[in-house]
Amino acid sequence: MKHSDSIKNLANALVLFRSQLVQPVKDKINPFLKNKYVPLEGVVEAVDKGIHGTGLSYTQSISGGDKSITVTTLIMHESGEWLELDGLTLPMAKQDAQAGGSAITYARRYSLSAAFGITSDTDDDGDTASRRQDTNRADGRRANGTQQTQPAQCIQPNELVVLEQLVSDYAKQLGMNDAKVWAWILHKTKSRTANVKDLSPQEAGQVKLFIKNNPAKKLLEQQREKEAK
């Protein structure tokens, strides 16, 4: 985290902001994780209302390469003081505009929420992480009859969002429901779990490889040829 030599005025303004902040309603549901969250526009609206009369403003810069993007949030005060949060970097599932836009939206939401103390996701008190570890330990015992010294790694939340977007795009190309496409792919890739959030990095890689090797256009052409016979 970087900041100006003095942040006294900025700190006082943030205290005023916190007293005025009204936490936004979590009115969106992630179709895969089943958790409620606040979309980017909800976070922006809450921040914009809360900073009224505080002298605060903010900006978010975007940088990155072909495989990842980084969003950095800068909080400024009318006195000239500033505070810059560390950049949030996310991988991109594909090197195209849609994947980039999805990663940027996700990174902006989380970075802005962290900067201003917005609770944009439901707090499950570590339940998801605990269940992942328990599942991985159980899988290890079933595989070799012994307890693993280290639980298998699960896909990280940021990587999961990118993977979800990739499958969602694929489902749209096929003209199918996202959930059905997920179930079909997990069956085809012989995943050990039907819960997307519990996929390992290796299983996530298999999902990406399946989509790469089975482009929607090719599958649709095969289906049309089959129906024509």
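- Between Val167 and the choices Val196, Val181, Leu186, the side-chain contact (heavy atoms from CB on, under 4.5 Å) rule is met once, by Val181.
- Ring pair Trp184/Tyr170 is parallel by interplanar angle, where below 30° counts as parallel and above 60° as perpendicular.
- Taking each heavy atom of Asp178 and Ala171 in turn, the nearest pair found is OD1-CB, 3.2 Å.
- Counting all heavy atoms, side chain and backbone alike, Thr54 lies closest to Ala13 at O-CB, 3.4 Å.
- Taking NZ of Lys208 as the start and NZ of Lys212 as the end, the distance is 11.5 Å to the nearest 0.5 Å.
- Using a 4.5 Å cut-off between side-chain heavy atoms of Ile, Leu, Val, Met, Phe, Trp and Tyr, with links allowed through other members, Val47 and Leu21 fall into the same hydrophobic cluster.
- Using a distance-only test at 3.5 Å, with no hydrogens or angles considered, no donor-acceptor pair links the side chain of Arg108 to the main chain of Ser61.
- Residues Ile69 and Val71 have side chains in contact (heavy-atom distance under 4.5 Å, counting atoms from C-beta outward).
- Here CG of Leu83 is found 11.0 Å from CE of Met76. Values are rounded to the nearest 0.5 Å.
- For the atom pair CG (Leu112) and OG1 (Thr59), the distance works out to 10.5 Å, reported to the nearest 0.5 Å.
- Residue pairs that meet the side-chain hydrogen bond (donor to acceptor under 3.5 Å, both in side chains) test with at least one member in residues 69-86, sequence neighbours left out, are Ser6-Glu81, Asn9-Glu81, Gln60-Thr73, Thr70-Thr89, Thr73-Ser111, His77-Ser79.
- Taken together through direct or relayed side-chain contacts under 4.5 Å among Ile, Leu, Val, Met, Phe, Trp and Tyr, Leu209 and Leu174 form parts of separate hydrophobic clusters.
- Between the side chain of Gln20 and the main chain of Ile51, no donor-acceptor pair closer than 3.5 Å is present.
- Residues Ala103 and Leu90 share a closest heavy-atom pair of O-CD1, 3.5 Å.
- Of the inter-residue distances, the one linking Ile75 atom CD1 with His3 atom NE2 reads 12.5 Å to the nearest 0.5 angstrom.
- Taking each heavy atom of Ala46 and Pro24 in turn, the nearest pair found is CB-CD, 3.8 Å.
- In this structure, the side chains of Gln23 and Ile118 come closer than 4.5 Å at one or more pairs of heavy atoms.
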**OP:** Run the numbers on Lys217 and Gln173 for side chain to side chain contact (heavy atoms under 4.5 Å, CB included), then give the verdict.
**Re:** CA-CA 8 Å; Lys217 182 178 179 181; Gln173 294 173 33; over 6 Å; no
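- Annotation: the span from Leu88 atom CG to Ile104 atom CD1 amounts to 12.0 Å, rounded to 0.5 Å.
- A distance of 8.0 Å separates CZ of Arg109 from CG of Leu40, quoted to the nearest 0.5 Å.
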**OP:** Test Leu74 against Tyr58 for side chain to side chain contact (heavy atoms under 4.5 Å, CB included), laying out the working first.
**Re:** CA-CA 6 Å; Leu74 175 67; Tyr58 68 90; over 6 Å; no
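- Panel note: side chain Ser68, backbone Gly64; no donor-acceptor pair is recorded below 3.5 Å.
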